[in-house]
Amino acid sequence: ILNVEQSPQSLHVQEGDSTNFTCSFPSSNFYALHWYRWETAKSPEALFVMTLNGDEKKKGRISATLNTKEGYSYLYIKGSQPEDSATYLCAFSGGYQKVTFGTGTKLQVIP
Amino acid sequence: DGGITQSPKYLFRKEGQNVTLSCEQNLNHDAMYWYRQDPGQGLRLIYYSQIVNDFQKGDIAEGYSVSREKKESFPLTVTSAQKNPTAFYLCASSIGDRNNEQFFGPGTRLTVL
């Protein structure tokens, strides 16, 4: 079983603060790194799929970077809003036709 | 509307009974997946299928079985051999390649009494 780790496990920030989380994954046999947002009572939804070292993706106030050589990805949220409260999951695609998920970072944005 | 559906939302079964969870998608996706979530853990892969009539074991396949007779459907059977079946089960699908995002259903919460 591949080791995909996310930190921190949970996070509380004030509305308007910027924040970031980390996803660590194996640096060998890399194919893709996925980020998902999972809001309470909803299904996980994809934010980004990143495939190239040095990739940077952005969607509104959320962005992500990828370093495949050292095996990490950062997810950034600028100016957090209460609606950003969710669990953020990363998932690693390696040398197999499957995706391995991390345990997630649970973000709570306090108004 | 295109999407992925799971039924039922909540399911209760007695210990020792097999139970089948439904997963249907109308997205024309080739790949489908079953995950299990337990408190404090991430999504763990049970089974996946890249194409009709073919499927592979994931990381925690013991005590589960699947079939993929139609592209749209990927039912999961939780057998009596599964030692701790109470969990939240999520089904997902993707276009096919592992580089493509997965689309998730709403999940089924199974409780074994």
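- In this structure a side-chain-to-backbone donor-acceptor pair under 3.5 Å is missing from A:Thr103 to B:Gln41.
- For the atom pair CD (B:Gln102) and NE2 (A:His34), the distance works out to 6.5 Å, reported to the nearest 0.5 Å.
- Interface remark: A:Tyr36 contributes side-chain atoms only to the contact with chain B (heavy atom separation under 4.5 Å).
- Atom CD of A:Glu45 has 12 or fewer heavy atoms from other residues, nucleotides or ligands within 6.0 Å.
- Other cluster members for B:Ile51: none, since no ILVMFWY side-chain heavy atom sits under 4.5 Å from it.
- Heavy-atom minimum distance, B:Gly105 versus A:Ser43: O-OG, 2.7 Å.
- At most 12 heavy atoms of other shown residues, nucleotides or ligands fall within 6.0 angstrom of atom CD in B:Glu69.
- Grouping the Ile, Leu, Val, Met, Phe, Trp and Tyr side chains by contacts below 4.5 angstrom, directly or via other members, places B:Ile60 with B:Val112.
- Looking at B:Tyr35, the atoms closer than 4.5 Å to chain A (heavy atoms on both sides) all sit in the side chain, from C-beta outward.
- Annotation for A:Gln9: atom CD does not count as buried by contact number, only 12 or fewer foreign heavy atoms lying within 6.0 Å.
- Here B:Leu43 contributes atom CG and A:Thr100 contributes atom OG1; the two are 11.0 Å apart, rounded to the nearest 0.5 Å.
- In terms of hydrophobic clustering, with Ile, Leu, Val, Met, Phe, Trp and Tyr side chains grouped at heavy-atom distances under 4.5 Å, A:Ile62 and A:Val49 are assigned to different clusters.
- Distance check: A:Phe101 CZ to B:Leu90 CG gives 9.0 Å after rounding to the nearest 0.5 Å.
- The neighbour count for B:Lys71 NZ, taken as heavy atoms of other residues, nucleotides or ligands under 6.0 Å away, is above 12.
- No part of B:Tyr47 comes within reach of chain A, as not one of its non-hydrogen atoms sits under 4.5 angstrom from that chain.
- For a residue to count as touching a neighbouring chain, one of its non-hydrogen atoms must lie under 4.5 Å from one of that chain's; by this rule B:Gln37 touches chain A with the side chain only.
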